[in-house]
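Data first, discussion second: the structure below is written as structure tokens.
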Amino acid sequence: MRIGLLTEGGYPYATGEPGLWCERLVRGLGQHQFDLYALGAAGAPRPLPPNARVARAADLGGPGTGPAARTLLERTAFGDGRAARRAYGRRERRRFVEAFHRLAVGVCGDSAAGTPESTAGPGDGEAGAALGTAFAEGLYALAELARERGGLPGALRSDDAVRTLESACRAPGARRGAAAAGLPDHLAFVEHLERTLRPLSLDWYAEDALGAADLCHAAAGGTTALPGLLAKRFFGTPLLVTEYGVQLRSHYLSAAGADRSAPLRTLLAALHGRLAAEVYGQAALLTPGNAHARRWQEKCGADRARIRTVHPGMAADRFAEVGEDEESGDPATLVWVGRVEPAKDLIALLHAFAEIRARQPDARLRIVAVPVRDPGSGAYLAHIKGLAAQLFPDEAAGAHAVGENPVTFEELGGPEAPTLEDTYASGAVVVLSSVVEGFPASLVEAMFCARATVSTDVGAVVEIIGGTGLVVPPRNPRALADACLALLREPERRHRLGAAARARALELFTVEQNLAAFRGIYLELLSHAPVRHRPGDGVPFAHPAEAHVPGSWAHKAVAAGTGAPDA
């Protein structure tokens, strides 16, 4: 089977957890051929196995003015560079304005009359369905125009686009927030829209590219899944969408838009909501990584019958030695591992530890930071260290040596915490204090290590823990302290929960279970897809003989009065 894998962050160019998941998938399903279509590609790709190749890659760049973006625009539009750079004539301008108007109406229209915009979903009622249809019609009409004539990036930044958007914002039935948008908001929106819709202008939609794929598998929703939408539109290729972090949720939580006006935020939220709803509506199957992501997809109108939770696979072998050693770890030490950022709420953790320390003086807390490239993370870390210095001034006497502090700040990979295994092995209880989470990998790692955990009830925490750890409300230092003390003081309970956590993690969250799930899903989706012969493939019987037949095989209608099967 030939899989067109649409990658998030530019795998095989990117690093990090999304890239690791893609690599495990490609290497683990060696019986399939993977053609990689990488958005956001930059730098040199990592080595690929024999069953994978980079079919296409695109560095989408920034706002469309840099050298990488100009190179992309000159290559785009399903034609040569001259076609991409040539201005539209009268007929093409009319087609563009009509298509863009439909898309803008879908974005600007109020999908839930009488419902507060903050709670209105993309598919609320008949009005929402009509606006979703308008958005989809405009989206595909723009894609057709780009495929035939090119020049879409320039058109999306043109005066025609701005005037059409303004008209849709001022039309009766528009959202209140959209109606309040001014010219700066319109300009900023069309710039953002052009970046979002750049996959429409890529040269990926041909018989020797995505047209040759048996299945498109998008490693994320939103912009990453756009090429899969077009492959289904142009070639009938089934689309599978895997989301371990919901793109729409990431947009809502992004700090990048904090300085945007309220009308612009309204327009952008509507755009990404409509795009998410179209992706979810057209996908043959959605595979969220947890129930938290699944709820987001259902809120955006996804059909429950086409959603199947597939937990992300994580490598368990590296933690085997720690997990099998029940006696490892200081019985008075708490361990926290993660990126140091406000969402992790280390302030609440430090206040909770101050109460723990008052009730159990020998308790210690290790804060082990995962290195990040974000320059803004240093300020938060400095703030946390300052708070720790205030709450726990160096002790002059007592259970610890002079000048020793019960809270230590370390960096993963450093001399004190060389590996994750060593870090988890050093303590008795692993703590997660976040106020926002998706699927916390550190929690699963702690479970592989047979560590008892105390976590806040956010994201997919309860789904992961499943009764093998203690869960408390977020932003509640007192509850966090009580739970940690309960485990520190009850070693038998701590060991029992740790063993149960390890068994649960090995059953649900390994690479092997993830690969087994996708191995079956690929075959299932292809067995329901129409058989397509591709000229020149040269492989007899390369495609399965199954055909999609509506209805049930088991039910045979009998023609009245004849006793013969109804033809």
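The structure presented is a predicted model; accordingly, all values stated were derived computationally and were not measured. Because only heavy atoms are used, hydrogens play no part in the values below, and waters and symmetry mates are left out as well, while side chains stay in.
- For the ring pair (Phe, Tyr, Trp, His ring centres under 6.0 Å) with His311, the qualifying choice from Phe509, Trp21, Tyr244 is Phe509, the only one to do so.
- Salt bridge annotation for Glu437-Lys344: present, with a cationic side-chain nitrogen under 4.0 angstrom from a carboxylate oxygen.
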**OP:** Evaluate the side-chain contact (heavy atoms from CB on, under 4.5 Å) criterion for residues Leu6 and Leu39: first the C-alpha distance (whole Å), next the side-chain angles of each, then the deciding distance (0.1 Å), finally the verdict.
**Re:** CA-CA 8 Å; Leu6 312 174; Leu39 286 171; over 6 Å; no

Subject >> Test side chain to side chain donor-acceptor pair (under 3.5 Å) applied to Tyr522 and Gln31, step by step >> reply: CA-CA 11 Å; Tyr522 282 179; Gln31 69 271 40; over 6 Å; no

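- Looking at residues two or more places apart in sequence or on another chain, you find no salt bridge (charged side-chain N to carboxylate O under 4.0 Å, His left out) involving Glu512.
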**OP:** Quick one: do Leu497 and Leu487 satisfy side-chain contact (heavy atoms from CB on, under 4.5 Å)? Show the steps, please.
**Re:** CA-CA 9 Å; Leu497 287 175; Leu487 293 183; 3.8 Å; yes

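- At a cut-off of 3.5 Å, with distance as the only test, no side-chain donor of Ser434 or Thr456 sits close to an acceptor on the other residue.
- Atom-to-atom distance recorded for Arg53:CZ and Leu36:CG is 9.0 Å, nearest 0.5 angstrom.
- Under the 4.5 Å side-chain criterion, counting only non-hydrogen atoms from C-beta, Ile3 is not in contact with Gln33.
- The aromatic ring centroids of Phe34 and Tyr11 lie 6.0 Å or more from each other.
- Within the model, atoms OG1 of Thr223 and NE2 of His272 stand 6.5 Å from one another, a figure rounded to the nearest 0.5 Å.
- The closest side-chain heavy-atom distance from Val241 to Val279 is below 4.5 Å.
- Between Leu139 and Leu226 the shortest side-chain heavy-atom distance falls below 4.5 Å.
- Although no hydrogens or angles enter the test, the distance criterion places no donor-acceptor pair under 3.5 Å between the side chain of Asp303 and the main chain of Arg306.
- Salt bridge annotation for Glu23-Arg27: present, with a cationic side-chain nitrogen under 4.0 angstrom from a carboxylate oxygen.
- Smallest separation of non-hydrogen atoms from Phe439 and Val444: CE2-CG2, 3.7 Å.
- Figure legend: Arg147 and Phe234 shown as a cation-pi pair, the cationic atom lying under 6.0 angstrom from the six-membered ring centre and within 45 degrees of its axis.
- Checked against the 6.0 Å centroid criterion, the rings of His217 and His32 do not qualify as a close aromatic pair.
- Side chains of Val461 and Leu443 form a contact here, defined as non-hydrogen atoms less than 4.5 Å apart.
- In this structure, the side chains of Arg451 and Val429 stay at 4.5 Å or more apart for every pair of heavy atoms.
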Subject >> CA sep, side-chain torsions, deciding dist, call: Val322, Phe448, side-chain contact (heavy atoms from CB on, under 4.5 Å) >> reply: CA-CA 8 Å; Val322 177; Phe448 282 144; over 6 Å; no

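- In this structure, NE2 in His292 is found 6.5 Å from CZ in Arg295, a value given to the nearest 0.5 Å.
- A cation-pi arrangement, defined by a distance under 6.0 Å to the six-membered ring centre and an angle within 45 degrees of its axis, is absent between Arg56 and Tyr37.
- Between Tyr424 and Cys449, the closest heavy-atom pair is CB-SG, 3.8 Å.
- A distance of 9.5 Å separates CG of Asp35 from CG of Leu5, quoted to the nearest 0.5 Å.
- The line from CG of Asp422 to OG1 of Thr419 is 3.0 Å long, rounded to the nearest 0.5 Å.
- Under a 3.5 Å cut-off, the side chain of Arg24 and the backbone N or O of Val511 do not form any donor-acceptor pair.
- Atoms CG and OG1, on Asp214 and Thr237 in that order, are 8.0 Å from each other to the nearest 0.5 Å.
- Looking only at side-chain heavy atoms (C-beta outward), Leu215 and Leu526 stay at 4.5 Å or farther from each other.
- Listed for the Glu463 side chain is a donor-acceptor partner under 3.5 Å among the backbone atoms of Ala291.
- The local environment of CD in Glu524 is crowded, with over 12 non-hydrogen atoms from other residues, nucleotides or ligands closer than 6.0 Å.
- By the 4.5 Å heavy-atom criterion applied to side chains, Leu470 and Ser455 are not counted as neighbours.
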